Amino acid sequence: MRVDADAGTLELTLPLRGGRPRTVTIGPDRRGRARVVVAGSPPGRRQAEALLEGVRHVLRLDEDLSPFYALAAADPELAWATTGAGRMLRSPTVFEDVVKTICTTNCSWAATERMVGALVEHLGERAPGAPAAGPAGRAFPAPAAMAAAGEGFYRETVRAGYRGRYLHELSQAVASGALDLEALSDPGLPDGEVEARLLALPGVGPYATAHVMTMLGRYGKPVLDSWTRPTYARLTGRKTVSDAAIARRFRRYGPWAGLAFWLTVTRDWA
DNA sequence: CGTCCAGGTCTAC
DNA sequence: GGTAGACCTGGACGC
């Protein structure tokens with residue numbers, strides 16, 4: 001995925017069931033509406049619809065944030081968000097979000113980018129017309145591709161350290177059918193059930209669980225880590241802030257507490 | 001050079 | 001149920 005802030009565009013390569021991935025660029029048209037441009041040969045009708053569905057999913061265009069906006073409007077600290085903030089980017093699949101989240105644990109953001117970049121570059125399927133080398137124009141690897149890669153790949157190429165075992169175990173479980181991560185998208189599952197299943201995954205603890213649940217649109221719990229905690233403390237003019245204090249501050253948001261917290265700590269990104 | 005730590009988790013008490 | 005210690009990696013920092 002690549003963001004061009006100047007052009008206001010987002011480029012991503014989406015996997016397609018039963019076919020090569022395709023790269024799309026999302027940007028504003030002259031009317032200020034979203035336009036999706038597919039790279040390479042024109043897609044067929046079915047493929048075009050699948051790509052649009054993928055874009056809707058990644059941008060959460062079908063998510064109804066109005067209950068959150070109603071709460072934010074009454075909060076001077078977050079009223080700014082009601083003009084359309086809060087559609088956090090997510091991955092096309094739950095598997096991809098879980099893998100990426102594991103790659104954020106106990107390391108710098110630069111290390112996360114390096115690990116994910118290596119996975120995409122070496123295992124990701126190439127969209128037609130994409131460069132033969134490099135990560136550009138490649139989809140995130142399928143579970144089977146990650147399962148087929150050996151331990152040496154995770155150690156020497158991805159340089160994932162001890163995370164390599166988690167990534168390998170996870171992808172093998174998904175590829176074999178023993179684990180269905182995509183089922184976690186089911187809105188009918190209670191939060192507690194999703195939370196328990198995520199916590200049971202290798203390399204997934206409380207932080208990663210909260211983060212993946214956020215990606216799943218379950219915003220009840222703030223994502224607390226070594227970046228969000230100090231950032232929130234700084235914003236409130238304190239040296240440190242307890243998790244309990246954060247929970248209290250955002251309790252009024254109920255099931256939207258995590259989204260309110262995230263927007264608070266990332267406000268200067270907008 | 002060594003130590004610390006970054007968008008934590010696991011295991012063993 | 002709660003808490004030390006270990007854990008890959010690489011960049012930042014102090015000496």
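Here is the naming used below: chain letters follow the sequence lines, and residue numbers restart at 1 for every chain. What you are looking at is a predicted structure, and each value in this text was computed from that prediction instead of being measured.
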**Heavy-atom donor-acceptor pair, A:E182 side chain to A:V94 backbone, under 3.5 Å** = yes
**Complete:** Comparing nearest nucleotides in DNA chain B, the 5'-proximal residue of the pair A:A110, A:P202 is A:A110
**Prompt:** Do we see a donor-acceptor contact under 3.5 Å between the side chains of A:T157 and A:H122?
**Reply:** no
**Asked** Using atom P of each nucleotide, how far apart are B:dC10 and C:dG10 to the nearest Å?
**Response** 22 Å
**Message:** Under 4.0 Å from OP1 or OP2 of B:dG7: is there any side-chain N or O of A:T112 that close?
**Reply:** no
**Electrostatic pair A:R46-A:E49, nearest N-O below 4.0 angstrom** = no
**Request:** Using chain A heavy atoms and a threshold of under 4.0 Å, write down where along DNA chain C the contacts begin and end, 5' to 3'.
**Result:** C:dC7 to C:dG10
**Request:** Measure the distance from CZ on A:R229 to P on B:dC5 and round it to the nearest whole Å.
**Result:** 15 Å
**Request:** Give A:T105 one of three labels, base, sugar-phosphate or nothing, depending on what nucleic acid heavy atoms sit under 4.0 Å from its own.
**Result:** sugar-phosphate
**Message:** For the C1' atoms, the ones on B:dT9 and on C:dG11, what distance do you get once it is rounded to whole angstrom?
**Reply:** 22 Å
**Message:** Parallel, tilted or perpendicular, judged at 30° and 60°: which one describes the rings of A:F95 and A:F140?
**Reply:** perpendicular
**Complete:** Given Watson-Crick and G-U pairs under 3.5 Å, DNA chain C in dot-bracket ([ ] crossing, | other strand) is .||||||.||||||.
**Message:** Suppose you measure atom C1' in B:dC5 against the same atom in C:dC7; what distance do you get, rounded to whole Å?
**Reply:** 13 Å
**Item:** Close side-chain approach of A:D75 to A:L71, heavy-atom, < 4.5 Å
**Value:** no
**Message:** What contact category does A:L201 fall into here, base, sugar-phosphate, or nothing, at under 4.0 angstrom with non-hydrogen atoms?
**Reply:** sugar-phosphate
**Request:** Figure out the CD/P separation between A:E169 and B:dT9, and round it to whole Å.
**Result:** 16 Å
**Whole angstrom value for the distance that separates P of B:dC10 from CZ of A:R165** = 9 Å
**Asked** For A:M146, does its backbone N or O pair with a side-chain atom of A:Y154 as donor and acceptor, under 3.5 Å?
**Response** yes
**Item:** Distance, rounded to the nearest Å, where A:L167 contributes CG and B:dC10 contributes P
**Value:** 13 Å
**Fill in**
Output for pair (A:L59 CG, A:M88 CE), nearest 0.5 Å, gives 13.0 Å
**Touch class at under 4.0 angstrom, heavy-atom based, for A:A208 against every strand present** = sugar-phosphate
**Message:** Using a 4.0 Å heavy-atom cut-off, does A:T104 contact any base of the nucleic acid, only the sugar-phosphate backbone, or nothing at all?
**Reply:** sugar-phosphate
**Message:** Quick check: on DNA chain B, is the nucleotide nearest A:G205 upstream (toward 5') of the one nearest A:R163, or the reverse? Name the residue that is more 5'.
**Reply:** A:R163
**Prompt:** Between A:Y232, A:W256, A:Y219, which is the residue that forms a ring pair (Phe, Tyr, Trp, His ring centres under 6.0 Å) with A:F250?
**Reply:** A:Y232
**Prompt:** Whole-Å distance between B:dG8 C1' and A:L199 CG?
**Reply:** 12 Å
**Message:** Using the six-membered base ring of B:dG7, report whether A:W109 stacks on it, requiring centroids under 5.5 Å and planes under 30° apart.
**Reply:** yes
**Prompt:** In terms of the angle between their ring planes, are A:Y207 and A:H211 parallel, tilted or perpendicular, with boundaries placed at 30° and 60°?
**Reply:** tilted
**Message:** Does A:Y166 contact B:dG8 through a side-chain donor or acceptor facing the base, at a distance under 3.5 Å?
**Reply:** no
**Message:** Considering every strand and a 4.0 Å limit on heavy-atom distances, what is the contact class for A:V223: base, sugar-phosphate, or nothing?
**Reply:** nothing
**Request:** Determine whether A:D225 and A:T104 make a side-chain contact, defined as any pair of heavy atoms from C-beta on separated by less than 4.5 Å.
**Result:** no
**Prompt:** Whole Å only: how far is the OH atom of A:Y162 from the P atom of B:dA6?
**Reply:** 13 Å
**Request:** In whole angstrom, give me the gap between the P atoms of C:dA6 and B:dT3.
**Result:** 13 Å
**Message:** Please report the distance separating the P of C:dG5 from the corresponding atom of B:dC4, rounded so that it comes out in whole Å.
**Reply:** 13 Å
**Asked** Only one of A:V241, A:D243, A:V223, A:T240 forms a side chain to side chain contact (heavy atoms under 4.5 Å, CB included) with A:R229, so which one is it?
**Response** A:D243
**Complete:** Rounded to whole Å, the CE-P distance (A:M213 to B:dG7) equals 24 Å
